[in-house]
Amino acid sequence: MKRDAHYYALLAFCRACGYSKESAHVIADASQFVDDAKINLMFLDTNDLKAPYEFVNNRPAFFNMATCHSYFQIETFNYEAMVNNTIAFHFVPGFKGENFTKRLRCMEESPIIMDLIKEVMLEDDLIKLGMVLHVYVDTFSHQGFNGMVSKVNAIKNCEAYNIKSLGLFDKTLKILKQLSQNNYEIYFDKIMPAYGHAQALDYPDLPYLEWAYEYDYSDEFNGLYKKIVIDNKDRYQRAFRGVEKLLKNYLLYHPHYRDSAIQFDSIEPLMKSLIYEGHDALRIKNWQNLLIEQRLLDRKDKDLLTYEDDRWLKDAFANYDRKVFENRVVENVRLADNFECSKWYGFYTAAKWYKKRFLEICNKYQLFLPI
């Protein structure tokens with residue numbers, strides 16, 4: 001899923017379920033930040049140690065906290081990145097299949113994420129809640145693919161029936177396909193690795209889309225292909241009906257996050273907005289309008305109506321510079337005052353917890369992913 005779902009839809013559902021604006025904002029920010037937290041190593045200014053840290057190359061540092069990466073950079077095509085980021089946060093294994101790679105295939109409401117959600121329900125930690133809700137809804141949209149470079153992800157004849165806009169890359173592929181179907185399949189395999197849902201482009205992440213592809217369903221990848229037709233509207237609405245239940249249950253355990261002034265009678269306007277047919281920016285605009293029209297937010301709530309991918313970084317680091325902090329490794333980081341109370345540090349500790357528990361739960365289900 002994309003920002004329209006991970007941030008805006010979740011923000012709206014939180015408010016509709018009775019969460020205060022502040023708590024809804026933290027949950028939605030944490031959810032979307034899973035797709036934006038690309039820094040994996042920060043070396044700290046040695047004169048500025050205000051929080052627990054690790055040593056990397058004999059230097060104080062924060063390490064292994066990324067929850068995503070740039071999927072088309074060759075250095076991210078390594079086992080550790082795939083396990084710690086792609087599999088753990090975006091393609092949670094469903095444990096079904098006759099071999100290891102098929103057991104890695106993502107499945108909606110995977111036992112792993114449901115176990116993690118049960119733990120989070122009992123914790124007073126909104127950042128963890130937002131994090132696991134991101135992973136939860138991705139098990140619906142990413143099902144059928146796994147987070148490795150794998151034959152499981154090598155699909156063919158992928159087509160969309162009602163796409164609203166094509167990016168430059170998609171338009172180029174469409175032209176190639178029109179010129180020659182055989183050459184298209186050859187060129188496509190060369191430029192688009194079988195990594196996650198890369199060969200399905202962003203079709204799984206468009207909430208209104210109807211699309212189809214063929215996959216090898218044989219146990220030994222013998223070239224026996226079967227066609228599957230997917231209605232993303234159904235997947236997205238199932239996912240967020242689950243989110244609605246989880247949010248309401250969490251409030252029962254943690255009623256201090258409730259806004260008693262919220263009286264929202266029907267979730268259906270949100271369900272309709274969830275599958276709005278339009279390009280990415282238009283879907284976000286639709287959510288912004290709906291949040292105001294349904295009186296879930298006011299126009300003055302500008303911080304909530306506009307997601308900023310570096311808001312938590314700006315608050316946490318005294319020497320924040322966007323160009324510097326866009327790198328995978330950041331040097332000589334200086335911590336802001338009250339750093340340990342910052343949302344970024346809360347996300348850091350949540351990510352460390354999640355990665356540890358993810359591997360432990362995989363082991364519980366006899367899926368061993370050595371790191």
Side-chain angles (χ1 to χ4, degrees), residues 1-16 19 21 24-39 66-72 85-86 89-91 126-127 129-142 163-167 169-170 196-198 200-209 232-233 235-237 239-240 242-243 247 270-292 294 296-297 301-314 322 325-326 343-344 347 350-351:
M1 296 189 185
K2 296 188 180 184
R3 186 173 296 183
D4 58 305
H6 284 310
Y7 179 78
Y8 290 94
L10 186 54
L11 180 66
F13 272 77
C14 285
R15 290 292 287 147
Y19 286 76
K21 290 181 181 180
H25 194 192
V26 173
I27 295 167
D29 263 345
S31 169
Q32 176 54 39
F33 199 59
V34 172
D35 277 345
D36 297 319
K38 297 180 180 180
I39 302 171
T67 54
C68 66
H69 51 244
S70 298
Y71 294 100
F72 295 103
N85 302 334
T86 319
F89 290 94
H90 306 281
F91 295 86
L126 295 177
I127 292 176
L129 178 61
M131 181 177 287
V132 298
L133 288 178
H134 177 114
V135 180
Y136 173 78
V137 297
D138 268 2
T139 67
F140 287 80
S141 58
H142 293 170
I163 196 164
K164 291 301 176 184
S165 62
L166 291 173
F169 184 75
D170 291 352
H197 63 68
L201 306 176
D202 64 348
Y203 294 172
D205 294 329
L206 300 175
Y208 61 85
L209 196 67
N232 283 355
K233 292 181 180 180
R235 286 185 171 182
Y236 276 62
Q237 290 186 328
F240 274 82
V243 166
L247 288 171
L270 277 61
M271 285 295 178
K272 183 178 179 181
S273 186
L274 182 68
I275 56 174
Y276 181 81
E277 296 193 20
H279 58 73
D280 295 358
L282 197 59
R283 295 198 310 274
I284 289 174
K285 183 64 176 178
N286 183 64
W287 274 115
Q288 291 168 330
N289 291 337
L290 179 134
L291 282 160
I292 294 170
Q294 296 293 324
L296 298 172
L297 294 179
D301 296 318
K302 294 182 179 180
D303 283 349
L304 284 79
L305 286 167
T306 303
Y307 173 78
E308 295 181 35
D309 60 6
D310 63 349
R311 177 183 289 120
W312 286 1
L313 289 164
K314 287 189 287 190
R322 187 176 184 90
F325 279 70
E326 283 181 342
K343 297 296 190 300
W344 185 91
F347 188 89

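Please read all numbers here as calculations on a predicted model, not as lab measurements.
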Under a 4.5 Å cut-off applied to non-hydrogen side-chain atoms, are [X] and [Y] in contact?
{"X": "Gln32", "Y": "Leu10", "value": "no"}
{"X": "Leu313", "Y": "Glu308", "value": "no"}
{"X": "Arg283", "Y": "Leu206", "value": "yes"}
{"X": "Phe89", "Y": "Met131", "value": "yes"}
{"X": "Ile275", "Y": "Gln237", "value": "yes"}
{"X": "Tyr203", "Y": "Ile163", "value": "yes"}
{"X": "Tyr136", "Y": "Val132", "value": "no"}
{"X": "His90", "Y": "Val34", "value": "yes"}

If you compare all heavy atoms of [X] against all heavy atoms of [Y], which two are closest, and at what distance to 0.1 Å?
{"X": "Ala30", "Y": "Phe347", "answer": "O-CE1, 3.7 Å"}
{"X": "Leu291", "Y": "Tyr8", "answer": "CD1-CD2, 4.5 Å"}
{"X": "Tyr19", "Y": "Leu247", "answer": "OH-O, 2.6 Å"}
{"X": "Cys68", "Y": "Asp36", "answer": "SG-N, 3.6 Å"}
{"X": "Tyr208", "Y": "Lys233", "answer": "O-CE, 3.6 Å"}
{"X": "Tyr236", "Y": "Ala5", "answer": "CE2-CB, 4.4 Å"}

Treating [X] as the side-chain partner and [Y] as the backbone partner, does any N or O pair qualify as donor plus acceptor under 3.5 Å?
{"X": "Arg311", "Y": "Asp303", "answer": "yes"}
{"X": "Gln288", "Y": "Leu305", "answer": "yes"}
{"X": "His197", "Y": "Leu201", "answer": "yes"}

Verdict with reasoning, Asp202 to Lys2, per side-chain contact (heavy atoms from CB on, under 4.5 Å): CA-CA 9 Å; Asp202 64 348; Lys2 296 188 180 184; 2.8 Å; yes
Audit row: Ile127, Trp312, side-chain contact (heavy atoms from CB on, under 4.5 Å) steps and yes/no: CA-CA 12 Å; Ile127 292 176; Trp312 286 1; 4.2 Å; yes
Full working for side-chain contact (heavy atoms from CB on, under 4.5 Å) between Leu274 and Trp287: CA-CA 8 Å; Leu274 182 68; Trp287 274 115; 4.1 Å; yes
How far does [atom1] of [X] sit from [atom2] of [Y], to the nearest 0.5 angstrom?
{"X": "Ser141", "Y": "His6", "atom1": "OG", "atom2": "NE2", "result": "6.0 Å"}
{"X": "Arg15", "Y": "Leu270", "atom1": "CZ", "atom2": "CG", "result": "12.0 Å"}
{"X": "Leu11", "Y": "Lys21", "atom1": "CG", "atom2": "NZ", "result": "10.5 Å"}
{"X": "Asp4", "Y": "Tyr307", "atom1": "CG", "atom2": "OH", "result": "13.5 Å"}
{"X": "Cys14", "Y": "Leu126", "atom1": "SG", "atom2": "CG", "result": "8.5 Å"}
{"X": "His134", "Y": "Met1", "atom1": "NE2", "atom2": "CE", "result": "9.5 Å"}

Verdict with supporting geometry, Phe33 and Trp344, side-chain contact (heavy atoms from CB on, under 4.5 Å): CA-CA 10 Å; Phe33 199 59; Trp344 185 91; 4.0 Å; yes
Cationic N near anionic O, under 4.0 Å, Asp29 to Lys343: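 No.
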NZ (Lys314) with more than 12 external heavy atoms under 6.0 Å: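 Correct, the count exceeds 12.
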Any donor-acceptor N or O pair under 3.5 Å, side chains Asp205, His142: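 Yes - a donor-acceptor pair under 3.5 Å links their side chains.
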